[in-house]
Amino acid sequence: LINAQLMYSYIWNIVDGDNFSGVHFISPNFYYMHKKFGLTRVYYTYKSTNNWQFDSRDTGQHSAGINQFFFLAKQKGRIKLAYEFAEDNAVGSAFDRNIHNFSLKAKTPLFFGIDLDAEGKYSIRSYDTRLADNAVDERQDDQQRYTVKLSRVLYKELGILEKLTFYTKYRHTLNKTNLDIREYKSNRVDVGLRGIF
């Protein structure tokens with residue numbers, strides 16, 4: 001009923017053929033399964049970003065959160081409620097910020113082997129930097145993000161690949177802020193294949 005994990009990962013970002021940044025993640029996770037209330041996950045993550053193009057954006061981030069999973073339809077579907085708090089400490093103080101993330105996510109099978117993933121996420125981002133046009137107020141962004149994804153496993157086994165999956169994903173983002181030049185909305189569509197070696 002109780003499980004603990006320690007995860008580490010490293011991401012190397014290349015932009016236009018040039019090394020852009022390296023990111024280290026380390027995260028201890030604790031899980032508790034309850035027969036009635038589902039799975040509870042509590043975690044802490046430390047992320048260290050080395051930005052090779054802009055030293056001022058080198059950042060250490062501490063974050064902690066809790067996820068609650070409710071399982072539906074004999075565990076074929078699930079609902080996830082989540083909250084996370086993160087603190088970014090950058091070399092350049094203009095990039096210091098606190099982040100509150102709230103999200104609701106659902107996953108369920110539909111028909112013909114198609115799975116639906118849907119998520120709504122709301123983030124409050126408070127920056128330590130003052131606004132350029134107002135020396136009193138600090139910058140704050142309120143971001144809404146909505147994602148819908150459809151996927152289907154085409155082949156469970158294909159040579160050295162497992163679970164070759166076709167997916168299409170739509171994401172809408174609305175960023176409201178008291179710093180006008182950072183207010184935006186975007187729509188993004190991804191279509192692709194994914195497999196496991």
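No hydrogens, no waters, no symmetry mates; every other heavy atom, side chains included, goes into these values.
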message: Run the ring pair (Phe, Tyr, Trp, His ring centres under 6.0 Å) test against Tyr46 and tell me which residues pass, sequence neighbours left out.
response: His62
query: Hey, does the side chain of Ser63 reach the backbone of Phe85 with a donor-acceptor pair shorter than 3.5 angstrom?
result: no
- prompt: For Phe197 and Leu161, what are the C-alpha separation, side-chain angles and deciding distance, and is it a side-chain contact (heavy atoms from CB on, under 4.5 Å)?
  reply: CA-CA 5 Å; Phe197 287 97; Leu161 284 177; 3.8 Å; yes
message: On a heavy-atom basis, which atom in His34 and which in Phe37 lie closest, and how many Å separate them?
response: ND1-N, 3.2 Å
message: With no hydrogens and no angle check, just 3.5 Å: does a side-chain donor-acceptor pair link His100 and Tyr122?
response: no
task: Check which hydrophobic residues are tied to Leu150 through side-chain heavy-atom contacts below 4.5 Å, counting indirect links as well, and list them.
output: Leu110, Phe111, Phe112, Ile114, Leu116, Val148
message: Quick check: do His24 and Ile26 have side-chain heavy atoms less than 4.5 Å from each other?
response: no
- request: Please determine which of Arg78, Lys107, Met33 meets the side-chain contact (heavy atoms from CB on, under 4.5 Å) test together with Phe69.
  value: Arg78
- prompt: Applying salt bridge (Lys or Arg N to Asp or Glu O under 4.0 Å), which residue pairs with at least one partner in residues 43-64 are found, sequence neighbours left out?
  reply: none
message: Just to verify, what does Tyr170 make a side-chain contact (heavy atoms from CB on, under 4.5 Å) with, not counting sequence neighbours?
response: His172, Asn187, Val189
- request: Mind checking the CD-NZ spacing from Glu84 to Lys121? Nearest 0.5 Å is all I need.
  value: 7.0 Å
query: With the 4.5 Å side-chain cut-off for hydrophobic clustering, are Leu164 and Ile196 part of the same group?
result: no
For the student: nearest non-hydrogen atoms of Gln68 and Gly38, plus distance: NE2-C, 3.9 Å
By salt bridge (Lys or Arg N to Asp or Glu O under 4.0 Å) - contacts of Arg97 (at least two apart): Asp88
Exercise: identify the closest heavy-atom pair between Asn178 and Arg139: OD1-CA, 3.4 Å
message: Count I, L, V, M, F, W, Y as connected when their side-chain heavy atoms are under 4.5 Å apart, and connections chain through other members. Are Leu154 and Val191 then in the same cluster?
response: yes
field: Residues forming a ring pair (Phe, Tyr, Trp, His ring centres under 6.0 Å) with Phe70, sequence neighbours excluded
entry: none
- prompt: Are any side-chain N or O atoms of Asn67 and backbone N or O atoms of Ala82, one a donor and one an acceptor, separated by less than 3.5 Å?
  reply: no
task: Taking Asn175 for its side chain and Arg182 for its backbone only, find out whether a donor-acceptor pair lies under 3.5 Å.
output: yes
message: Looking at every heavy atom in both Ser56 and Ala90, which two are closest together, and how far apart are they?
response: O-CB, 3.8 Å
message: Give me the atom names and distance for the closest heavy-atom approach of Gln143 to Arg125.
response: OE1-NH2, 3.4 Å
field: CG-OH distance between Asn98 and Tyr127, expressed to the nearest 0.5 angstrom
entry: 11.0 Å
field: Members besides Tyr43 in its Ile/Leu/Val/Met/Phe/Trp/Tyr cluster (side-chain heavy atoms under 4.5 Å)
entry: none
task: To the nearest 0.5 angstrom, please state how far the OG1 atom of Thr59 sits from the CG atom of Asn89.
output: 8.5 Å
field: Side-chain hydrophobic cluster, 4.5 Å single linkage: members besides Leu174
entry: none
Show me the donor-acceptor pairs, under 3.5 Å and distance only, between side chains in residues 9-18 and residues at least two apart or in other chains.
residue: Trp12; atom: NE1; partner: Asn19; partner atom: OD1; Å: 3.1
residue: Asn13; atom: ND2; partner: Ser21; partner atom: OG; Å: 2.9

statement: By salt bridge (Lys or Arg N to Asp or Glu O under 4.0 Å), Asp115 pairs with (sequence neighbours left out) none
- line: Phe30 meets the ring pair (Phe, Tyr, Trp, His ring centres under 6.0 Å) criterion, sequence neighbours left out, with none
message: If I compare all heavy atoms of Arg145 with all of Thr173, which pair ends up nearest, and what's the gap?
response: NE-OG1, 3.3 Å
task: Go through the steps to decide whether Phe71 and Leu39 satisfy the test side-chain contact (heavy atoms from CB on, under 4.5 Å), and finish with yes or no.
output: CA-CA 8 Å; Phe71 297 99; Leu39 178 66; 3.9 Å; yes
Pairwise side-chain hydrogen bond (donor to acceptor under 3.5 Å, both in side chains) hits with a residue in residues 147-158, at least two apart: none
